[in-house]
Amino acid sequence: MGKTLYEKVYDSHIVFQQEGELPTLFIDRHLVHEVTSPQAFSGLEAAGRKLRHPELTLATVDHDISTHEQTIDACGPMAQQQLRALLDNTRKFGVRLFGLGDPNQGIVHIIGPQTGFTLPGTTLVCGDSHTATHGAFGALAFGIGTSEVEHVMATQTLKQGRYKTMKIQCEGQLQKGCSAKDLILAIIGRLTTAGGTGYAVEFAGPAVRALSMEGRMTLSNMAIEFGATVGMIAPDETTFEYIKGRMLAPKNEDFEQAMAYWKTLKSDDDATFDAVVTIDASAIEPQVTWGTNPGQVCAVTGCVPVPDDIQDPVVAKSCRDALAYIDLKPGQPIAGTPVDYVFIGSCTNGRIEDFRAAAEILKGRKIAPSIQLALAVPGSMWVKEQAEREGLDKIFKDAGFEWRLPGCSMCLAMNDDRAPAGIRVASTSNRNFVGRQGKGSRTHLMSPATAAACAVKGCIADVRELLQ
Amino acid sequence: MQKFTVHEGVAVPLDSANIDTDQIIPKQFLLAVSRKGFGKHLFHDWRYLDEAETQPNPDFNLNKPEYQGATILVARDNFGNGSSREHAPWALMDYGFKAVIAPSFAMIFNNNALGNGLLPLRLTEEEVDQLFNVLTEKPGTTIRISLEDMTVDCAGLHFTFTLDEFRRHCLLEGLDAISLTLMHDKEIRAYEASMPKWKTPEA
């Protein structure tokens with residue numbers, strides 16, 4: 001019987017398996033950032049252990065840094081402690097660091113692919129749940145906790161059970177005004193926040209094939225938001241073209257040899273999945289979340305649900321709690337809801353294409369006077385510089401956006417980019433949890449183009465009305 | 001890692017599904033560089049009325065006198081979803097929790113909890129419902145969990161549960177995962193020797 005993509009990569013990384021135990025997998029790539037690594041490094045040091053493979057480890061700073069200035073002093077006092085700890089630890093253990101001021105610095109899930117560190121057929125981990133992003137390359141990539149970070153540092157392996165497999169077949173093509181973000185939000189809405197728990201997901205079908213690497217990363221990035229820690233896409237010419245020539249990627253003969261292997265990385269025709277979900281991408285409209293988890297989402301032309309109409313008492317309570325927090329009325333249309341802040345960035349939508357899509361809407365327009373703050377935060381220094389080469393920064397600034405320096409910023413508000421209580425944010429990030437962007441703040445997740453449309457209209461808006 | 005064999009303690013119910021790790025320990029407390037001291041910030045946004053944590057929210061179960069000293073948390077589906085922060089199990093354990101009982105757990109949280117000796121214990125929705133009934137009708141009721149027998153007992157209710165055999169063994173013995181893996185250094189070396197050259201990043 002044939003194997004799925006996930007099974008191929010999983011099986012090729014089993015180092016050993018004791019009877020009655022989970023298999024232990026070799027880990028080819030380990031990404032490290034300031035927030036989930038200090039306790040792992042100190043654990044390693046306390047036990048007198050070495051970092052087994054510094055060359056397979058790559059560090060950057062992103063979670064709690066300032067987006068105003070790339071210096072330690074510009075960050076909060078507790079963040080400074082973590083940033084200094086990472087500087088010390090990477091020096092001590094010989095890890096490559098793309099730190100503050102480095103032209104390769106950026107959000108961990110943006111710089112991995114961008115520098116060619118992320119490759120098809122590898123196992124890749126990071127102490128961050130959005131590590132699923134790298135699955136877009138056909139890597140087996142997943143987020144881990146700090147004890148597991150320490151385990152990978154000490155052994156370059158991880159005990160990892162085999163997940164069930166799920167294929168999400170995306171038929172048709174996305175319509176004008178819709179992007180990978182709308183596709184993934186629609187998928188999460190369909191599956192709910194726990195629908196993928198226990199599964200390794202593969203995204204497939206013509207709508208996925210047509211996506212650029214940037215779009216595919218947006219798709220894989222949010223696999224975790226329906227409970228799947230793994231969201232893979234089989235590599236193809238688009239993938240190989242993206243990787244070729246990148247700084248840390250294999251060169252010349254090594255590249256040829258790698259590519260010969262990468263071409264085998266797809267689910268066999270006779271492979272079976274434990275679950276198959278089919279989505280008609282052509283029927284998807286721009287999506288906006290109305291609640292406090294990413295599964296609470298509807299089309300921008302849709303209405304907020306009525307909790308009393310929901311049968312399941314747990315789901316109804318969840319809906320009622322969400323509406324009370326987000327301050328929307330049951331049954332009201334989502335479009336037209338006034339917005340206070342706009343945030344474009346994050347590991348979900350902080351790539352060059354995302355800024356191009358938003359700029360297309362913003363060009364020659366201004367943000368509505370009622371918008372109190374509009375932030376554009378590129379995902380990496382490279383994205384920022386590329387956008388500036390294309391003149392996108394000017395479009396954002398002319399429209400009334402602040403053009404900031406790379407970091408996770410208002411996606412999780414660990415730095416000073418925070419939304420105050422009661423503020424409604426149109427956001428291209430990945431989580432609309434209670435208090436995520438600041439205590440009492442209200443988040444609506446959407447695509448970069450839709451966020452730009454909201455900025456222009458001052459309310460939740462259908463981007464298709466602004467397209468030429 | 002601390003051993004988990006048999007534990008009996010006061011159980012506190014939190015009647016919500018999808019309790020995410022942002023609620024368990026909000027981001028402003030992730031700035032620490034040690035594993036200790038997160039317990040006082042556990043469920044910060046729900047537990048306190050002010051940022052400085054000087055005014056406990058009297059309506060939140062953890063603050064009610066009858067649930068003081070609770071060591072077992074009972075919640076609904078998909079507990080621990082969202083961010084991978086291990087600070088979530090650290091905070092739960094630092095507060096004094098030994099186990100969380102729910103119908104389902106998010107995968108990363110489940111791993112993180114087990115790696116630290118916090119038992120994520122799955123019962124069916126109906127069984128969890130029965131526990132909620134007892135714990136709300138008679139607050140302060142204790143639950144007895146035996147990892148040796150794989151049983152849960154509470155006020156006459158008796159349930160059994162399952163757990164991966166290796167995970168159970170590690171919890172019962174308090175085994176440290178890194179030492180266990182390093183006993184297989186030979187196998188790891190053999191794998192390393194077989195790796196193709198393209199897997200090493202360019203210098």
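Chain A is the first sequence line, chain B the second, and so forth, proteins listed ahead of strands; every chain is numbered from 1. Just so we're clear, the structure is a prediction, and the values are computed from it rather than from any experiment.
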*So which heavy atom on I101(B) is nearest to which on I145(B), and how close?*
CD1-CD1, 4.3 Å

*Could you have a look at N116(B), D20(B), I108(B), L182(B) and say which one has the most heavy-atom pairs with chain A under 4.5 angstrom?*
D20(B)

*Taking all non-hydrogen atoms of both residues, which atom of L86(A) and which atom of S37(A) are closest, and how far apart?*
CD1-OG, 3.6 Å

_At a 4.5 Å cut-off on heavy atoms, which part of V35(A) comes close to chain B: side chain, backbone, both, or neither?_
both

*asked:* Using heavy-atom distances under 4.5 Å, tell me whether R436(A) contacts chain B through its side chain, its backbone, both, or neither.
replied: both

*Report the C-alpha separation of D28(A) and T122(A) in whole Å, then their side-chain angles, then the decisive distance to 0.1 Å, and conclude whether the side chain to side chain donor-acceptor pair (under 3.5 Å) test is met.*
CA-CA 6 Å; D28(A) 297 319; T122(A) 57; 4.9 Å; no

*With a 4.5 angstrom heavy-atom cut-off, could you sort out which part of K251(A) is near chain B: side chain, backbone, both or neither?*
both

*Assess whether atom CD of Q55(B) is packed by more than 12 heavy atoms of other residues, nucleotides or ligands within 6.0 Å.*
yes

*Go through I224(A), V314(A), D128(A) and name the one with the most non-hydrogen pairs under 4.5 angstrom from chain B.*
D128(A)

*Minimal non-hydrogen separation, N415(A) against D64(A), with atom names*: CB-O, 3.7 Å

*asked:* Does any backbone or side-chain atom of Q23(B) lie under 4.5 Å from a heavy atom of chain A? Answer side chain, backbone, both or neither.
replied: side chain

_I need the residue from S42(A), S318(A), G198(A), A85(A) with the largest number of non-hydrogen atom pairs under 4.5 Å to chain B._
G198(A)

*For the candidates P26(B), G82(B), A177(B), S194(B), which exhibits the highest count of non-hydrogen atom pairs separated by less than 4.5 Å from chain A?*
G82(B)

*Please state whether the side chain, the backbone, both or neither of T157(A) comes within less than 4.5 Å of a heavy atom of chain B.*
side chain

*Charged N to carboxylate O below 4.0 Å: is that the case for R76(B) and D129(B)?*
yes

*Relative to chain A, which of E51(B), E187(B), K27(B) shows the most heavy atom pairs under 4.5 Å?*
K27(B)

*Between L58(A) and chain B, which part of the residue has a heavy atom less than 4.5 Å away: side chain, backbone, both or neither?*
neither

*Search all heavy atoms of G127(A) against all heavy atoms of S84(B) and return the closest pair with its distance.*
C-OG, 3.6 Å

_Which atoms of R168(B) are under 4.5 Å from chain A, going by heavy atoms: the side chain, the backbone, both sets, or neither?_
neither

*asked:* Give me the atom names and distance for the closest heavy-atom approach of F132(B) to V74(B).
replied: CZ-O, 3.6 Å

*Do NZ/NE/NH1/NH2 and the carboxylate oxygens of E192(B) and R52(A) come within less than 4.0 Å?*
yes

*Part of F255(A) within contact of chain B (heavy atom distance under 4.5 Å)*: neither

*Would you call D185(B)-R189(B) a salt bridge at under 4.0 Å N-O?*
yes

*State whether E53(B) and K40(B) are salt-bridged, where the test is any N-O pair (Lys NZ or Arg NE/NH1/NH2 against Asp/Glu carboxylate O) under 4.0 Å.*
no

*Measure distances from T118(A) to the heavy atoms of chain B and classify the residue's part below 4.5 Å as side chain, backbone, both or neither.*
neither

*Starting from the C-alpha separation in whole Å, work towards a yes-or-no answer on ring-ring contact (aromatic ring centres under 6.0 Å, His included) for Y191(B) and F26(A).*
CA-CA 8 Å; Y191(B) 188 93; F26(A) 194 81; 4.9 Å; yes

*Identify which part of Y261(A) has an atom lying under 4.5 Å from any heavy atom of chain B, answering side chain, backbone, both or neither.*
side chain

_Among Q257(A), E55(A), K439(A), which residue has the highest count of heavy-atom pairs closer than 4.5 Å to chain B?_
K439(A)

*Applying side-chain hydrogen bond (donor to acceptor under 3.5 Å, both in side chains), which residue pairs with at least one partner in residues 94-110 of chain B are found, sequence neighbours left out?*
D77(B)-S104(B)

*With respect to chain B, which residue among S129(A), P77(A), G116(A) yields the maximal number of heavy-atom pairs within a distance under 4.5 Å?*
S129(A)

*Would you say the ring centroid of F29(B) lies under 6.0 angstrom from that of F38(B)?*
no

_Region of H169(B) in contact with chain A, defined by heavy-atom distances below 4.5 Å_ = neither

_Counting only non-hydrogen atoms closer than 4.5 Å, does H63(A) touch chain B with its backbone (N, CA, C, O), its side chain (CB onward), both, or neither?_
neither

*How far apart are the closest heavy atoms of Q80(A) and C75(A), and which atoms are they?*
NE2-O, 2.9 Å

_Is F166(B) close to chain A through its backbone or its side chain, or both, or neither, when contacts mean heavy atoms under 4.5 Å?_
both

*What option among Q81(A), H130(A), R49(A) has the most heavy-atom pairs under 4.5 Å with chain B?*
R49(A)

_Any side-chain heavy-atom pair of V125(A) and E148(A) under 4.5 Å_ = no

*What residue, out of I144(A), T36(A), T155(A), L119(A), has the most heavy-atom pairs lying under 4.5 Å from chain B?*
T155(A)

*Quick one: what part of A413(A) sits under 4.5 Å from any heavy atom of chain B, side chain, backbone, both or neither?*
both

*Tell me, for F105(B) versus chain A, whether the close heavy atoms (under 4.5 Å) come from the side chain, the backbone, both or neither.*
backbone

*Part of F226(A) lying under 4.5 Å from any heavy atom of chain B*: neither

*Please state whether the side chain, the backbone, both or neither of E150(A) comes within less than 4.5 Å of a heavy atom of chain B.*
both

*Which atoms of S34(B) come close to chain A, meaning under 4.5 Å heavy atom to heavy atom: side chain ones, backbone ones, both, or neither?*
backbone

